[in-house]
Amino acid sequence: MELLSVTENRYSGIPTIRKELKNSGLPEPIFKVSRGLFSVTFRNGETITPEITIKNSKEMAKAVLDFCYTPRSRAEIITLTGKSQTYTMNYIVKPLLEKGLLRMTNPEKPKSNKQKYVAVSN
C-alpha cells in the first residue's frame with residue numbers, strides 16, 4: 001500500500017507532527033509508551049515554566065503554589081519543577097497538601113488520572 005502511495009511512508013507521521021508544531025510556535029508533543037499503549041499529548045502555547053530559576057525546595061514550593069492558583073495536573077506540576085514524578089509528589093506536593101496549602105480537586109480518588117491540584121487561597 002505504501003508503494004502505491006495509498007498510505008503514508010513509514011515513520012513520516014511523527015516528524016510531520018513535530019515540524020508542524022514547531023512551525024506553529026507550539027511546544028513539542030509528549031510521546032509515551034506504557035503497557036503496550038502509545039499516547040501523544042499536545043500542549044497549547046501556554047508557558048508553564050516559571051520565569052525564575054528555582055534554587056531550593058522553599059522556592060520550589062512557592063513556585064508550585066503560585067502555579068496552582070489555576071488547577072493543575074500532576075504532569076504540569078512535574079514539568080514545572082523539572083524533577084522526577086516521585087520527588088515532585090513526595091517532597092513538594094505531599095507536604096503542601098498536608099499543610100493545607102494545596103488541595104486536590106477530587107479527594108475521593110487521589111490517584112485518578114484526572115486529579116488536579118489547586119492552591120488554597122487565604
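Predicted model only: the values in this text are computed from it and were never measured.
You'll find the side chain of Ile77 reaches within 4.5 Å of the side chain of Val64, heavy atoms only. Looking at Leu97 and Met104, their side chains come closer than 4.5 Å, going by heavy atoms from C-beta outward.
A distance of 9.0 Å separates CD in Glu108 from CD in Gln115, rounded to the nearest 0.5 Å. Summarising the geometry, atom OG1 belonging to Thr105 is positioned 8.5 Å from atom OH belonging to Tyr117; distances are rounded to the nearest 0.5 Å. Here the NZ-CD1 distance, from Lys32 to Ile30, works out to 7.0 Å after rounding to the nearest 0.5 Å.
Partners of Lys109 according to the side chain to side chain contact (heavy atoms under 4.5 Å, CB included) rule, which considers only residues two or more places apart in sequence or in another chain, are Asn106, Ser112. Residues meeting the side chain to side chain contact (heavy atoms under 4.5 Å, CB included) test with Val40, sequence neighbours left out: Pro29, Phe31, Phe38, Phe42. Evaluation of the salt bridge (charged side-chain N to carboxylate O under 4.0 Å, His left out) rule for Lys62 yields Asp66 as partners, not counting sequence neighbours. Residues passing the side-chain hydrogen bond (donor to acceptor under 3.5 Å, both in side chains) test with Gln85: none are found, sequence neighbours excluded.
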Identify every side-chain donor-acceptor pair in residues 86-93 under 3.5 Å, counting partners at least two apart or on other chains, and give the distances.
from  : atom 1 : to    : atom 2 : distance (Å)
Thr88 : OG1    : Thr81 : OG1    : 2.9
Thr88 : OG1    : Ser84 : O      : 2.9
Asn90 : ND2    : Thr86 : O      : 3.4

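The nearest pair of heavy atoms linking Cys68 to Leu102 is CB-CD1, 3.8 Å. Listed here is the closest heavy atom pair of Arg18 and Glu28: NE-OE1, 2.9 Å.
Residue pairs meeting the salt bridge (charged side-chain N to carboxylate O under 4.0 Å, His left out) criterion with at least one partner in residues 82-92, sequence neighbours excluded, do not occur; the list is empty.
The closest donor-acceptor contact from the side chain of Glu20 to the backbone of Ile17 lies at 3.5 Å or more, if one exists at all.
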